[in-house]
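Below: one structure, written as structure tokens.
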Amino acid sequence: MTGWKKFNWLGWLAFGFLLLSWELGARATPKLQLYFPPVSRILGALAQALTAGPITMHSLVTLGRFAEGYLLSAVLAVTLGAMLGYFRFLHSLLATLIEFLRPMPSVAIIPVAILLLGIGDGMIVSVTVYASVWPILINTIDGVRHIEPTLIDTGRTFGLKRGQILWHIILPGASPYIVTGLRIGLSIALILVTTAEMIAGSKGLGFLFWMKNGR
């Protein structure tokens with residue numbers, strides 16, 4: 001525990017040193033401030049935007065879309081991934097479709113989603129689900145397949161049914177893989193929400209940033 005605390009403080013010290021170097025370097029080189037303004041100026045502009053600008057409203061819109069899309073993708077991917085990992089025949093049926101859809105760039109789906117779903121929250125959430133579902137799904141399948149067969153056989157010996165084996169043995173055993181997929185999907189979901197808002201949004205952080213840069 002002591003070692004972890006020491007490592008944590010070292011990380012904060014390194015981060016503070018980076019910010020201090022950024023501040024001093026930007027102030028010492030006025031020409032550089034056009035591209036890298038001082039940290040104090042950035043924080044002041046952020047505080048002003050939070051108190052006087054519409055950034056709070058746009059942030060809430062983006063967070064709502066992000067939460068909806070991410071939670072839907074997590075529930076869908078973990079459920080389907082557990083089934084595909086446990087039932088090999090079902091995975092054999094869908095493996096080709098998964099490998100066909102998974103490599104497609106998520107941003108490239110946005111024009112197709114606009115044609116099918118129109119412009120609005122439904123399209124943005126759907127694109128977010130599509131983008132973030134794949135790392136969660138693949139990691140869940142791998143996690144279920146790495147469960148020791150002895151554990152499953154032991155559960156059957158004690159009279160556990162398939163649903164009980166899935167809930168009490170498979171999902172806990174695959175949880176490290178599932179958490180890894182959830183962590184990867186988290187960043188992907190946020191990226192796709194803001195990207196979709198830039199392309200076809202009328203509100204949200206992506207729309208706000210696009211309008212600010214377009215001025």
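Values in this document were obtained by computation on a predicted structure and should not be read as measured data. Reckoned from all heavy atoms, side chains included, excluding hydrogens, waters and symmetry mates.
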Those residues that, when tested against Ser106, pass side chain to side chain donor-acceptor pair (under 3.5 Å) (two or more places apart): none
Rounded distance [0.5 Å steps], CG in Leu84 versus CG in Leu93: 9.5 Å
Single-linkage hydrophobic cluster Met104~Leu80, side-chain heavy atoms < 4.5 angstrom: yes
Connected via hydrophobic side-chain network under 4.5 Å: Met123 and Leu115: no
Candidate pair Ile138 and Ile98, rule side-chain contact (heavy atoms from CB on, under 4.5 Å), full reasoning: CA-CA 9 Å; Ile138 299 303; Ile98 292 174; 4.1 Å; yes
N-O pairing of Glu197 and Lys203 below 4.0 Å: no
Determine all donor-acceptor pairs shorter than 3.5 Å in which one atom belongs to a side chain in residues 171-186; sequence neighbours excluded.
from   : atom 1 : to     : atom 2 : distance (Å)
Ser175 : OG     : Pro172 : O      : 2.7
Thr180 : OG1    : Pro176 : O      : 2.9

Nearest-0.5 Å distance that lies between atom CG in Leu190 and atom OG1 in Thr128: 9.0 Å
Pairwise distance CD1(Ile124) to CD1(Ile110) - rounded to 0.5 angstrom: 9.0 Å
Sequence-distant partners of Ser126, side-chain contact (heavy atoms from CB on, under 4.5 Å), two or more places apart: Leu117
Val75 reachable from Leu137 in the ILVMFWY side-chain graph, under 4.5 Å edges: no
Qualifying residues under ring-ring contact (aromatic ring centres under 6.0 Å, His included), relative to His168, sequence neighbours excluded: none
Shortest non-hydrogen contact from Ala131 toward Leu192: CB-CG, 3.4 Å
Donor-acceptor pair, side chain of Thr194 and main chain of Ile191, under 3.5 angstrom: yes
Any residue meeting side chain to side chain donor-acceptor pair (under 3.5 Å) with Ser132, in chain and number order, not counting sequence neighbours: Ser73
Contacts of Asp142 that satisfy side chain to side chain donor-acceptor pair (under 3.5 Å) - sequence neighbours left out: none
Residue pairs involving residues 84-141 (criterion ring-ring contact (aromatic ring centres under 6.0 Å, His included); sequence neighbours excluded): Tyr130-Trp134
With Glu99 via salt bridge (charged side-chain N to carboxylate O under 4.0 Å, His left out) - residues at least two apart: Arg102
Contacts of type side chain to side chain donor-acceptor pair (under 3.5 Å), residue Arg88, not counting sequence neighbours: none
Set of side-chain contact (heavy atoms from CB on, under 4.5 Å) partners for Ser187, sequence neighbours left out: none
Joint hydrophobic cluster, Trp12 plus Leu20, side-chain heavy atoms closer than 4.5 Å: no
Pairwise distance OG1(Thr195) to CD1(Ile188) - rounded to 0.5 angstrom: 11.5 Å
Partner set under salt bridge (charged side-chain N to carboxylate O under 4.0 Å, His left out) for Arg27, not counting sequence neighbours: Glu23
All salt bridge (charged side-chain N to carboxylate O under 4.0 Å, His left out) counterparts of Arg156, not counting sequence neighbours: Asp153
Distance (rounded to the nearest 0.5 Å) between Ile147 CD1 and Leu166 CG: 10.0 Å
Transitive ILVMFWY side-chain link Trp22 to Leu43, under 4.5 Å: yes
Ile170 CD1 to Gln164 CD distance, which is reported to the nearest 0.5 Å: 12.0 Å
